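The structure displayed is predicted, hence computed values, not measured ones. Below, read A as the first sequence line, B as the second, and so on, with proteins coming before strands; counting in each chain starts at 1.
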Amino acid sequence: MAARYSHLNSIPSGRNVRIIQDRRVLSDAYVPETLPGRDEQILMFEEHLEPLLFNEPPSHMAFTGMAGTGKTAVAKHVLRHKSEELRGAPVRFIYINCSQANTSYRVMYQLNRAFGILVPPSGYPYDVLEDNFRKAFLEADVRMFLVLDEVDLLVRRDGGRLLYSLTRMNYDLDLRRNSVTVLGISNTLNFLDRLDRRVLSSYNPDRIFFQPYSADELYNILLQRARLGLRPGSWEDAALRRIAAKVAREGGDARRAIDLLRMAATLAERDRSGKLTEDHVEQAEIRVDESEVQVAIRTLPFHHLLVLKAAVDLLLAGDPRPGTGKIYERYERYARRFLVSPLTMRRVSAILRELESQGIIEIEMSYGGARGNTKVVRGTALPPLRLKEILNEVTRV
DNA sequence: TATCCACCGGAAGATGGGGTAT
DNA sequence: ATACCCCATCTTCCGGTGGATA
């Protein structure tokens, strides 16, 4: 039996060209045993959870920091250890990511499920779900520690309604037995400032700030992943250093560093040289950008495509910084050509912002006085010509 | 100094498409 | 069949914005 698959191990010229040993380690979803560069935050978080050991309610918390600074990793890492330490104690840890559950209803739906209640995922009165949850929570007779990851996405929609009613519950509970504690994780630094007074007075979290990773910290992260996921001796140190330096310059996003490492390792494996070098990193930089933008564009709704097409065509026609007005004019023509009625300028203006937040275009405000305050497309993630090619592929269907 | 330009972006409401309950 | 409910997307409305211009 084994012999049948022996060709999998036979490598030409006896050299080992495999590089990746465990691909899972090279994904940002993987949470390693230690988190380089985040000792301070881990310690602070653990201290905040200390009261649970004495059956007392911890205070609410907020993690803030740019994308890829380890907020989610620290939360998961610490919670994993704490829930073992507190095994058997009347404590319930719940993690909910608000990028999927971005309305009060959907978070409440998840909370119902967490307490074993099955309710329809939509079409049901919200009040019923809230009542369900309250009853089940009291029934369970526990302290709840709820992590709301990417909570800013939820707050943007519901205005803090859920945050308020959850934290407000503590005022009606017997805190000697039950409590609700919320940890909100947010990518936007000012999300607390945007909360309503009433919400803030009952949520009022202790904050832990996550600064961007330095080049050294990124290097340590990459080294850790390489040791865990790559074949020993299959990478050049300079390759890791190069990723670390580049990503640190761009803003210290560990997710991006890990993406680059995975892509570089994949490319290195593909060319069968058996070693991951700086050259592979250089190729990976282009590939990662390209594939991210391609995926983003492919999933764009139709009107977004038309708006993007209008902007790209203006750039190609020689306008270095096309503004909303011109883009809208051209977009209108395209819409009619495709026999759909054009959206309003208000909406197109918002679509430009959405294209920006997807990293497809770069926008800058232009305070042009008599010519108006306008958004201006300053640049694109890929060369305009390349974008046009991708757009043509997508709109052909 | 007042006014204007040309768009910004928040708020609220309409619309239509998904669902559940009776 | 009817009466609800949730939700994403879009429109309508409207008070800013800040240099240019009168």
Side-chain donor-acceptor contacts of residues 34-41 of chain A below 3.5 Å, not counting sequence neighbours, with atom names and distances?
residue : atom : partner : partner atom : Å
T34(A)  : OG1  : Q224(A) : NE2          : 3.0
R38(A)  : NH1  : T69(A)  : O            : 2.7
R38(A)  : NH1  : Q211(A) : O            : 3.0
R38(A)  : NH2  : Q211(A) : O            : 3.3
Q41(A)  : NE2  : F209(A) : O            : 3.0
Q41(A)  : NE2  : Q211(A) : OE1          : 3.1

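- In this structure, D158(A) places its CG atom 14 Å from P of dA11(B), rounding to the nearest Å.
- Applying the ring-ring contact (aromatic ring centres under 6.0 Å, His included) criterion to Y124(A), with sequence neighbours excluded, gives no partner residue.
- The salt bridge (Lys or Arg N to Asp or Glu O under 4.0 Å) pairs that include a residue from residues 321-343 of chain A are D319(A)-K326(A), R321(A)-E364(A), E332(A)-R336(A), where partners are two or more places apart or lie in different chains.
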Let me check something: any side-chain donor-acceptor pairs from residues 179-187 of chain A under 3.5 Å, sequence neighbours excluded? List them with distances.
residue : atom : partner : partner atom : Å
S179(A) : OG   : R143(A) : NH1          : 2.9
T181(A) : OG1  : P58(A)  : O            : 3.1
S186(A) : OG   : T188(A) : N            : 3.1
S186(A) : OG   : T188(A) : O            : 2.7
S186(A) : OG   : T188(A) : OG1          : 3.2
N187(A) : OD1  : K71(A)  : NZ           : 3.1

Quiz prompt | nucleotides 5-17 of chain C: protein proximity per nucleotide (B base, S sugar-phosphate only, - neither; heavy atom, under 4.0 Å) | solution = BSSS-SSB----B
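- The side chain of K375(A) places an N or O atom within less than 4.0 Å of a non-bridging phosphate oxygen (OP1 or OP2) of dG9(B).
- A heavy atom lying under 4.0 Å from DNA chain B marks the following residues of residues 321-332 of chain A, by number: T324(A), G325(A).
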Using a cut-off of under 3.5 Å, enumerate the N/O to N/O pairs linking the protein to nucleotides 13-17 of chain B.
none

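- For H304(A), the ring-ring contact (aromatic ring centres under 6.0 Å, His included) criterion is met by no residue, not counting sequence neighbours.
- The only option from D149(A), D28(A), N97(A) that meets the side chain to side chain donor-acceptor pair (under 3.5 Å) definition with T72(A) turns out to be D149(A).
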Review item, side-chain donor-acceptor pairs of residues 338-352 of chain A, under 3.5 Å, at least two apart:
residue : atom : partner : partner atom : Å
T344(A) : OG1  : R347(A) : N            : 3.4
R347(A) : NH1  : E354(A) : OE2          : 3.0
S349(A) : OG   : K375(A) : NZ           : 2.6

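- At whole-Å resolution of the value, CG in D196(A) and P in dG10(B) are 16 Å apart.
- Taking the ring-ring contact (aromatic ring centres under 6.0 Å, His included) definition, one finds that Y203(A) meets it with H60(A), sequence neighbours left out.
- Evaluation of the ring-ring contact (aromatic ring centres under 6.0 Å, His included) rule for Y164(A) yields no partner, not counting sequence neighbours.
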Pairs of donor and acceptor atoms involving the side chains of residues 246-254 of chain A, under 3.5 Å and at least two apart or interchain, shall be tabulated with distances.
residue : atom : partner : partner atom : Å
K246(A) : NZ   : E250(A) : OE2          : 2.9
E250(A) : OE1  : R256(A) : NE           : 2.7
D253(A) : OD1  : R255(A) : N            : 2.8
D253(A) : OD1  : R256(A) : N            : 3.4

